[in-house]
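Order of listing sets the numbers, starting from 1, for every ligand and every atom in it.
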Amino acid sequence: MSSSVENVVIVGTGCAGLTAAIYTGRANLNPLVLEGSLPGGQLTTTSEVENFPGFPDGVDGFMLMDNLRKQATKFGTRFEQAMVTSVDFTSMPRKLVCGDRTILSKAVIIATGASPRMTGIPGEKELYGGKGVTTCATCDGAFYRKMDVAVIGGGDSAAEEALFLTRFASKVYLVHRRGELRASKIMADRATSHPKIECVWDSVPVAVEGVEAGAVSGLKIRHVKTNAERVLPVKGIFVAIGHVPNTGPFAPALAVDEGGYFKPSAGSQVQSKVAGVYVAGDCADHVYRQAITAAGMGCQAAIEAERWLAEHDA
Ligand code: NAP
């Protein structure tokens, strides 16, 4: 076990975590940021971010996160690769267990984000990653040049993935379980009017075909009104049905709602039920889930942590 005690440990390197790092860094708290399996968070897998204030021509998601990281580093943030497996918040300093290592800290900001939700249909798991099932068009779209692909989902993510894939694929089926998209009007209009996108309404995925051959050969779908099944002959399947919050290791110590999202204490957006422990970004927000709101929560958590340390730190 490490004997040194950090001022503030920030878990997560998405918009919320890095904004918290910039603020606590500028407050001379010398923050330690723990980064997990997807440094930079969800925005690193997004192509163009069009709605982050200050970028009238849009900004590349990876570039935005890289800039936030540079800004955090400039103010003294340290980064370490570590996955938190459990916590002990019952005493001071707070304990973060990362495998066989324990990190001690006076204050903690949890900004662990959310991970893609999967459909759970047969074949999805077997053919995930490099075999035709993916959750990231930006990462994998170019592998499907001149092929037919399917996107599952009806939100902004699904519309965005489908539109991005039109750059490569011959045809993009947008498979949605209802008769209209949930996506914002501008995204929905762009997707539904694109000549390469065919919307497949009122249809749910049933199975990914091609497991025996080790590569996707089709997506079996079922029409929810007629129960008729058919197979879309696609080589790539992009799952875009939302996200689940990454709160597992912390959930026993903090309050979470029925969806698994952190529930902040009454009167605050970022204060957890444990003093000196804050939550920020998509792990604690199932309503807005935007880069800018995550950044805002990271800022709030950092200011709260700074004030709490000033009041309670000897
Ligand atoms: P979302 O808005 O929650 O949409 C998820 C979609 O997946 C819904 O259409 C839902 O269907 C469908 N779905 C959920 N579970 C399913 C299942 N098991 N099988 C089939 N379909 C299923 O998630 P999101 O699109 O990832 O967006 C999340 C947030 O990020 C939103 O606030 C969104 O506005 C934002 N976002 C913004 C942008 C942008 O502005 N450029 C880009 C991406 C995301 P129902 O409609 O029937 O519920």
Side-chain angles (χ1 to χ4, degrees), residues 14-16 38 41-62 64-65 113-125 128 133-139 141 150-166 173-192 194 197 199-208 219-225 229 232 237-246 257-261 281-297:
C15 267
L38 182 63
Q42 290 174 53
L43 274 195
T44 54
T45 64
T46 304
S47 45
E48 185 95 329
V49 182
E50 287 184 334
N51 50 11
F52 201 91
F55 298 93
D57 300 322
V59 57
D60 177 78
F62 185 86
L64 177 62
M65 298 318 296
S115 298
R117 174 181 287 128
M118 302 305 288
T119 66
I121 58 175
E124 178 186 62
K125 203 168 165 187
Y128 182 78
V133 179
T134 168
T135 55
C136 179
T138 317
C139 320
V151 174
I152 303 171
D156 278 318
S157 299
E160 192 176 74
E161 298 276 278
L163 285 163
F164 184 78
L165 286 164
T166 59
Y173 294 98
L174 182 50
V175 180
H176 185 34
R177 61 187 180 183
R178 294 188 299 123
E180 61 178 349
L181 298 179
R182 153 192 304 278
S184 54
K185 187 165 175 357
I186 185 168
M187 294 297 282
D189 286 350
R190 278 184 204 165
T192 52
H194 197 288
I197 297 177
C199 293
V200 183
W201 301 119
D202 299 312
S203 298
V204 288
V206 174
V208 177
L219 175 65
K220 186 189 269 190
I221 57 170
R222 179 172 54 81
H223 195 278
V224 291
K225 292 178 179 161
E229 289 190 346
L232 302 175
I237 296 171
F238 292 76
V239 182
I241 59 168
H243 291 83
V244 283
N246 299 320
D257 67 14
E258 59 287 348
Y261 290 86
D282 284 14
C283 60
D285 168 25
H286 64 279
V287 179
Y288 303 107
R289 297 179 293 186
Q290 302 297 303
I292 188 65
T293 51
M297 288 175 84

Next on the checklist: For atom 7 (O) of ligand 1, what is the closest protein heavy atom, and at what distance to 0.1 Å?
Outcome noted: I241 CA, 3.2 Å
Item to check | Nitrogen or oxygen of S157 less than 3.5 angstrom from that of ligand 1 | outcome: yes
Checklist entry - Do L219 and P205 touch side chain to side chain, with heavy atoms closer than 4.5 Å? => result yes
Next on the checklist: Just checking F55: does its CZ atom have more than 12 heavy atoms from other residues, nucleotides or ligands closer to it than 6.0 angstrom?
Outcome noted: yes
Next on the checklist: Nearest non-hydrogen contact with atom 36 (N) of ligand 1 belongs to which option: D156, L163, I152, T293?
Outcome noted: D156
Checklist outcome for this item: shortest atom 19 (N) of ligand 1-to-protein heavy-atom contact is with R177 NH1, 4.1 Å
Checklist entry - Any idea which protein heavy atom is nearest atom 3 (O) of ligand 1, and the distance to it? => result R289 NH2, 3.7 Å
Next on the checklist: Under 4.0 Å from a heavy atom of R178: which atoms of ligand 1 are those, numbered in the order shown and with their elements?
Outcome noted: 45 (P), 46 (O), 47 (O)
Checklist entry - Of all the atoms in ligand 1, which lie at a distance below 4.0 Å from a heavy atom belonging to Y288? => result 32 (O)
Item to check | Geometric N/O contact E160 with ligand 1, under 3.5 angstrom | outcome: yes
Checklist entry - Does an N or O from A158, backbone or side chain, lie closer than 3.5 Å to an N or O of ligand 1? => result no
Next on the checklist: How far is atom 23 (O) of ligand 1 from the closest protein heavy atom, and which atom is that?
Outcome noted: G242 CA, 3.6 Å
Next on the checklist: For a quick test of reading the model, state the closest non-hydrogen atom pair linking E161 to A137 and the distance between them.
Outcome noted: OE1-N, 2.9 Å
Next on the checklist: If you apply the rule side chain to side chain contact (heavy atoms under 4.5 Å, CB included), what do you find for H243 with D282, and how did you get there?
Outcome noted: CA-CA 9 Å; H243 291 83; D282 284 14; over 6 Å; no
Checklist entry - Counting N and O atoms only, with roles assigned by atom type, does the side chain of S203 sit under 3.5 Å from a partner on the main chain of W201, one being a donor and the other an acceptor? => result yes
Next on the checklist: Would N51 count as a contact residue for ligand 1, given that I'm defining contact as a non-hydrogen atom of the residue lying under 4.0 Å from a ligand atom?
Outcome noted: yes
Checklist entry - With a 4.0 Å cut-off on heavy atoms, is E50 touching ligand 1? => result no
Checklist entry - Should the ring pair H286 and Y261 be called parallel, tilted or perpendicular, given that the plane angle runs from 0 to 90° and is split at 30 and 60? => result tilted
Item to check | N246 side-chain N/O to C283 backbone N/O, donor-acceptor pair under 3.5 Å | outcome: no
Checklist outcome for this item: When distances are taken from atom 48 (O) of ligand 1, the protein heavy atom at minimum range is R182 NH2, 2.6 Å
Checklist entry - Quick one: nearest non-hydrogen protein atom to atom 35 (C) of ligand 1, plus distance? => result Q290 NE2, 3.3 Å
Checklist entry - Can you list the steps and then say if K125 with V208 is a side chain to side chain contact (heavy atoms under 4.5 Å, CB included)? => result CA-CA 9 Å; K125 203 168 165 187; V208 177; over 6 Å; no
Checklist entry - Would you call T119 and V204 a side-chain contact if the rule is heavy atoms closer than 4.5 Å? => result no
